[in-house]
Peer 1: 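Input: one structure, supplied below.
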Protein chains: 2
Amino acid sequence: MSTLPQQKIDEVRSIFQAFLKKRNKRQTPERFAVLEEIYQTEDHIDADELYVRLKQDGTEVSRATVYNTLELLLECDLVVRHQFGKNQAKYERAYSYWQHDHLICMDCNELFEFCDPRLQSIQEMVADIYEFEIKHHSLNMYGHCIRENCPNRAEDSDRDEADSADKTTAKKAATNEAES
Amino acid sequence: MSTLPQQKIDEVRSIFQAFLKKRNKRQTPERFAVLEEIYQTEDHIDADELYVRLKQDGTEVSRATVYNTLELLLECDLVVRHQFGKNQAKYERAYSYWQHDHLICMDCNELFEFCDPRLQSIQEMVADIYEFEIKHHSLNMYGHCIRENCPNRAEDSDRDEADSADKTTAKKAATNEAES
DNA sequence: GTGTATGCAAACCGTTTGCACCTCT
DNA sequence: AGAGGTGCAAACGGTTTGCATACAC
């Protein structure tokens, strides 16, 4: 599953190498270890989990190095960081994987990915109007999934009917979008 | 500027009151002070700044209370939280203010708001496909603004020409929507 | 009067930093 | 050889929590 074709590993490695050289940074084994660990990971991973996995794989690294290396990988676009919540920064390999957005279940924290081309045009339009050079975007949709293994499966039975009342308010406001 | 019509203040106050009563929570002056302070604030504000302003206004509050109250206000949808960066959680009044998205300058941290109806349909489509009940979304676009008072004004000197590819998207249009 | 909110300060947790040692170039 | 990176642990900063007191109900 997580076995990545050697070719791809070499590819990202050499990209990283080139980047480091251009920046006059050292090519240390730790840095490449971090790179590979991320690319061996299909889904999103946070810094600490990355640290743990590296240790498990026998690589002696410190958290400082992990964070440091992540920063470099972000700068050369080999890795993307997603800030999902207050304390939920997750990292993900980025090279030759399509840009996507996220759908998050607020009950089970399950993560889904989707992609809609319209976002690209929205981005271009916004860049144009505001005279911005947009580097990247982050679109997260939060809600409740309706899967059986999700805590929310029982539906909005009693949990917080408390705010179901003001939901009407919200709903009302939401319906007429033209209000702007 | 920040003088809100008394009517609107009363409106949100009574919504909050109803919410507190339904939840069997006390209606304390501190809680209403937090509510009003947020609604007196046009733009985004972080928890600490809120705390400082409350103190300035003569309200004796603790950070704990601010956070506690913010949580309540989030739950009744009177306030929205935006997580912009790692340590950049900002709050904003939400009642009867239209949902918008954000454009952030990575150099000067300036914030712009925009709204595109296509997002609504994207949201509905995603909800449909993934069988989700989507509660809200958060779309942030990050980039470099091209304003004179922005540190980035000096342009891409040497920083990282590595990813200059997508720079072509940036355009030197004439329309200027910039406000505050 | 009762139980919940508050203020204060200490704890918390992910992230960053300072320092002495190590290693890639 | 020496600039630069590393590991470690302590510092950091926004947020949360525990506890004694105060106050809304």
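Note on naming: letters A, B, ... go to the chains in the order of the sequence lines (proteins, then strands), and numbering restarts at 1 for each one. Scope of the values below: all heavy atoms of this structure, side chains included, with no hydrogens, waters or symmetry mates.
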Peer 1: What is the distance from NZ of A/K90 to P of C/dT15, rounded to the nearest Å?
Peer 2: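 A/K90 atom NZ is separated from C/dT15 atom P by 11 Å.
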Peer 1: Take atom CG of A/L70 and atom P of C/dT16, then tell me their distance rounded to the nearest Å.
Peer 2: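 So the CG-P distance, A/L70 to C/dT16, works out to 10 Å.
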Peer 1: Using the test side-chain hydrogen bond (donor to acceptor under 3.5 Å, both in side chains), find all partners of B/R26 that sit at least two apart in sequence or belong to another chain.
Peer 2: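 Result, side-chain hydrogen bond (donor to acceptor under 3.5 Å, both in side chains) vs B/R26: none returned.
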Peer 1: Please identify the 5'-most and 3'-most nucleotides of DNA chain D with any atom under 4.0 angstrom from a heavy atom of chain B.
Peer 2: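 Endpoints of the contacted stretch of DNA chain D: D/dG14 to D/dC25.
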Peer 1: Please report the distance, rounded to the nearest Å, between OH in A/Y67 and P in C/dC13.
Peer 2: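 Atom-to-atom, A/Y67 to C/dC13, this comes out as 13 Å.
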Peer 1: Using five base pairs at each end, measure the axis-to-axis angle across the helix from C/dG1-D/dC25 to C/dT25-D/dA1 and round it to 10 degrees.
Peer 2: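 Result, rounded to 10 degrees: 30°.
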Peer 1: Please give the remaining members of the hydrophobic cluster of A/V80, linking ILVMFWY side chains under 4.5 Å, ordered by chain and number.
Peer 2: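 Other cluster members: none.
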Peer 1: May I ask you to say what A/D48 touches in the nucleic acid, namely base, sugar-phosphate or nothing, with a heavy-atom cut-off under 4.0 Å?
Peer 2: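 It contacts nothing in the nucleic acid.
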Peer 1: Is there any protein nitrogen or oxygen under 3.5 Å from a nitrogen or oxygen in nucleotides 18-21 of chain C, and what are the pairs?
Peer 2:
none

Peer 1: Can you check the B/E71 CD to C/dA5 P distance for me, whole Å?
Peer 2: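 Checked: the CD to P distance equals 14 Å.
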Peer 1: Apply side-chain hydrogen bond (donor to acceptor under 3.5 Å, both in side chains) to A/D116 and list each qualifying residue two or more places apart in sequence or on a separate chain.
Peer 2: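 side-chain hydrogen bond (donor to acceptor under 3.5 Å, both in side chains) list for A/D116, sorted by chain: A/R118.
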Peer 1: What is the distance, rounded to the nearest whole Å, between atom CZ of A/R81 and atom P of C/dG14?
Peer 2: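 Rounded to the whole Å, the gap is 15 Å.
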Peer 1: Not counting sequence neighbours, which residues clear side chain to side chain contact (heavy atoms under 4.5 Å, CB included) with B/L74? List them please.
Peer 2: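 Residues passing side chain to side chain contact (heavy atoms under 4.5 Å, CB included) with B/L74: B/E71, B/V79, B/R81, B/Y91.
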Peer 1: Report the residue from B/Q88, B/K90, B/E92 that forms a side chain to side chain donor-acceptor pair (under 3.5 Å) with B/H82.
Peer 2: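 So the option named by the test is B/E92.
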Peer 1: B/D57: what forms a side-chain hydrogen bond (donor to acceptor under 3.5 Å, both in side chains) with it, not counting sequence neighbours?
Peer 2: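 Applying side-chain hydrogen bond (donor to acceptor under 3.5 Å, both in side chains) to B/D57 gives none.
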Peer 1: Can you tell me how the ring of B/F16 sits relative to the ring of B/F19, calling it parallel under 30°, perpendicular over 60° and tilted otherwise?
Peer 2: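 Aromatic pair B/F16/B/F19 classed parallel.
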Peer 1: So, the side chain of A/Y39 versus the backbone of A/K8: is there a donor-acceptor pair under 3.5 Å, distance only?
Peer 2: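 A pair under 3.5 Å: no.
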Peer 1: What's touching nucleotides 23-25 of chain C from the protein side, N or O pairs under 3.5 Å?
Peer 2:
unit_1, atom_1, unit_2, atom_2, d
C/dT23, O2, A/R26, NH1, 3.0
C/dT25, OP1, A/Q27, N, 3.3

Peer 1: If only atom types and distance count, is the side chain of B/T59 paired as donor or acceptor with the main-chain N or O of B/K55 below 3.5 Å?
Peer 2: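 Looks like no, no N/O pair under 3.5 Å.
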Peer 1: More than 12 foreign heavy atoms under 6.0 Å from CD of B/Q7: is that the case here?
Peer 2: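 Atom CD in B/Q7 is not crowded, with 12 or fewer foreign heavy atoms closer than 6.0 Å.
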Peer 1: Can you name the residues that form a ring-ring contact (aromatic ring centres under 6.0 Å, His included) with B/Y130, not counting sequence neighbours?
Peer 2: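 Result, ring-ring contact (aromatic ring centres under 6.0 Å, His included) vs B/Y130: A/F112.
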Peer 1: Who passes side-chain hydrogen bond (donor to acceptor under 3.5 Å, both in side chains) against B/R13, sequence neighbours left out?
Peer 2: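 Listed in chain order: B/E36.
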Peer 1: What residues form a ring-ring contact (aromatic ring centres under 6.0 Å, His included) with B/Y142, not counting sequence neighbours?
Peer 2: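 With neighbours one apart ignored, the set is A/H136.
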